Amino acid sequence: MIAFSLAILIGSLLKAAGLKDIAIAMQPLGLVFVNAIKMLMVPIIFTTIISGVTSLADSQKLGRMGIKTFGFYMLTTAFAVFIGLLIGGLISPGVGISLPDAASGGAGAPDPDAAMSIRDLLVGLVPANPIASMAEGNVLQIIVFALLIGLSINLAGKKGAIVRQFFDSATEVVFKLVHIIMALAPFGIFALIIWVIGALPVNELFSLIWIVVALYLACLTQIILVYGGLLTLVARLAPLKFFRGIIDAQAVAFSTATSAGTLPVTMSNVEDNLGVSKKITSFVLPLGATMNMDGTAIYMGIAAMFTAQAIGIDLTGAQYATIIITGTLASIGAASIPSAGLILMPVVLGSVGLPLGAIILFFPIDRLMDMMRTLTNVTGDATIAVLVAKSENELDEASYNADPIE
Ligand code: ASP
């Protein structure tokens with residue numbers, strides 16, 4: 001938090017003094033940190049899911065946990081799109097803004113056909129070549145492969161014991177590496193935030209400031225009302241303890257804008273500070289990082305409202321319902337990397353016949369919004385890990401209520 005605040009201060013001073021280039025020159029330092037946490041992503045998903053599944057040899061429990069996790073994901077995401085639509089309607093960021101014409105070949109106009117369909121999403125779940133999935137960092141495919149290997153180790157019984165022990169020990173080693181890299185987090189965050197401030201286009205920001213405000217407000221509403229509400233009312237836990245425990249993960253998510261990259265930090269925060277068992281984190285969090293993106297879903301709702309306002313039309317009830325469904329699906333389909341939400345936005349706009357040109361306006365300010373979306377995505381995953389842990393008796397409430405370790 002100190003590094004973060006200092007970076008905002010120094011970045012703004014550099015910019016005000018016309019030394020923007022120095023701020024931008026911090027990017028490579030930040031990227032070293034981003035690379036280091038991305039490096040952990042594949043090993044952590046692969047090893048923790050396998051040791052998670054082998055520690056949960058009871059397949060009935062696994063199935064029950066899966067249903068609960070998925071149910072919570074859907075519920076919070078549908079809420080998120082709704083909040084996005086609501087706040088987008090209240091703040092009306094698109095009124096008085098004219099849209100560039102994407103059809104006439106505006107730069108960066110997306111190809112809606114390139115977006116992922118539900119069919120592609122399902123077929124793509126099973127990796128034809130798991131090594132390629134790891135090389136490409138295809139998280140969903142790695143999860144499926146790891147789940148199947150874990151189940152097979154369980155089925156192999158005694159003969160699989162050596163492989164099981166290997167993955168248990170590998171998980172421990174990978175977590176040691178997470179702790180080493182996390183010690184560098186303040187430096188990485190410092191460099192990234194200075195760079196973001198230096199590279200921010202001031203002019204574009206002014207005309208579109210309201211959409212940024214709407215997104216931040218909607219994300220805060222989701223975090224405080226939906227997550228805080230679920231923790232208090234459903235899990236009967238103190239929400240402030242929760243937010244204190246995951247502040248590292250939130251800071252990393254905000255500065256890197258990738259929830260897959262943040263995953264190692266999220267896992268270590270949720271286990272060490274919130275007392276959620278490894279069984280739960282190793283299952284709920286990797287899945288959440290790829291499928292549960294409430295910040296991204298909020299963005300879809302706001303983008304749709306913005307576009308409708310800019311062209312001066314009122315959406316119908318059926319269109320709102322379509323946006324909630326396609327917004328939820330697009331957030332599931334979006335990869336957990338920077339700007340993934342921006343790339344999938346045309347799916348939602350296209351589903352209700354809104355012009356795709358709006359996306360061009362979002363390009364220069366996407367990073368700023370991506371940071372908040374990713375913070376929200378990661379907070380949502382952590383919330384659901386706690387809820388599932390509580391309902392499965394896998395939450396150590398003493399350590400949830402204790403002061404954070406890191
Ligand atoms: N950057 C976001 C994430 O990694 C996805 C998005 O672009 O909305 O969670």
Side-chain angles (χ1 to χ4, degrees), residues 30-31 33-35 37-38 40-42 44-45 73 76-77 80-81 83-84 88 108 110 114-116 121 136-140 142-143 192-193 196 211-212 214-216 218-219 222-223 227 246 249-267 269 284-304 306 323 326-349 358-359 362-385:
L31 290 184
F33 173 65
V34 173
N35 283 347
I37 55 173
K38 279 193 187 159
L40 293 165
M41 193 174 90
V42 173
I44 211 163
I45 296 174
Y73 285 165
T76 50
T77 306
V81 193
I83 290 177
M116 202 189 253
L121 189 74
E136 289 157 10
N138 185 326
V139 178
L140 219 47
I142 304 172
I143 292 177
L192 284 172
I193 296 294
V196 168
I211 186 150
V212 180
L215 181 99
Y216 274 62
C219 285
Q222 173 85 5
I223 291 173
Y227 304 151
I246 57 154
Q250 287 182 324
V252 172
F254 192 76
S255 37
T256 61
T258 149
S259 37
T262 310
L263 183 61
V265 189
T266 320
M267 292 185 82
N269 275 183
V284 176
L285 292 175
L287 211 61
T290 54
M291 295 182 53
N292 183 44
M293 297 200 192
D294 297 344
T296 308
I298 285 174
Y299 183 57
M300 302 297 171
I302 290 188
F306 171 87
I323 293 169
T326 53
T328 303
L329 293 175
S331 75
I332 294 175
S336 27
I337 53 172
S339 292
L342 179 69
I343 299 184
L344 278 191
M345 194 173 85
V347 178
V348 179
L349 297 185
I359 193 173
F362 288 73
F363 265 93
I365 50 162
D366 187 61
R367 176 78 190 197
L368 203 59
M369 291 194 276
D370 202 1
M371 293 160 81
M372 189 62 181
R373 302 202 288 269
T374 311
L375 182 151
T376 312
N377 293 345
V378 165
T379 310
D381 299 339
T383 306
I384 291 169

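Along the sequence shown, the residues carry numbers beginning at 1. Basis for what follows: all heavy atoms, side chains included, without hydrogens, waters or symmetry-related copies. What you are looking at is a predicted structure, and each value in this text was computed from that prediction instead of being measured. As the structure lists them, so they are numbered: ligands from 1, and atoms in each ligand from 1.
- The closest donor-acceptor contact from the side chain of Ser336 to the backbone of Thr258 lies at 3.5 Å or more, if one exists at all.
- Here the shortest heavy-atom pairing between Ala249 and Val378 reads CB-CG1, 4.1 Å.
- In plain terms, the two heavy atoms of Leu349 and Ala303 that are nearest each other are CD2-O, 3.9 Å.
- Applying the side chain to side chain contact (heavy atoms under 4.5 Å, CB included) test between Ile384 and each of Asp294, Asn292, Leu287 identifies Asn292 as the sole match.
- Of the possible donor and acceptor atoms, none in the side chain of Asp381 sits under 3.5 Å from a partner among the backbone N and O of Leu285.
- Of the charged side-chain nitrogens involved, at least one lies within less than 4.0 Å of a carboxylate oxygen, so that Asp370 and Arg373 count as a salt-bridged pair.
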Is there any protein N/O under 3.5 Å from an N/O of ligand 1, and what does the full list of such pairs look like?
unit_1   : atom_1 : unit_2 : atom_2 : d
ligand 1 : 1 (N)  : Ala257 : O      : 3.0
ligand 1 : 1 (N)  : Ile337 : O      : 3.1
ligand 1 : 1 (N)  : Asp370 : OD1    : 2.7
ligand 1 : 1 (N)  : Thr374 : OG1    : 3.1
ligand 1 : 4 (O)  : Ser259 : N      : 2.8
ligand 1 : 4 (O)  : Ser259 : OG     : 3.2
ligand 1 : 4 (O)  : Ser336 : O      : 3.2
ligand 1 : 4 (O)  : Ile337 : N      : 3.4
ligand 1 : 7 (O)  : Ala340 : N      : 3.1
ligand 1 : 7 (O)  : Gly341 : N      : 2.7
ligand 1 : 7 (O)  : Asp370 : OD1    : 3.2
ligand 1 : 7 (O)  : Arg373 : NH2    : 2.9
ligand 1 : 8 (O)  : Thr296 : OG1    : 2.6
ligand 1 : 8 (O)  : Arg373 : NE     : 2.6
ligand 1 : 9 (O)  : Ser259 : OG     : 2.5
ligand 1 : 9 (O)  : Asn377 : ND2    : 2.8

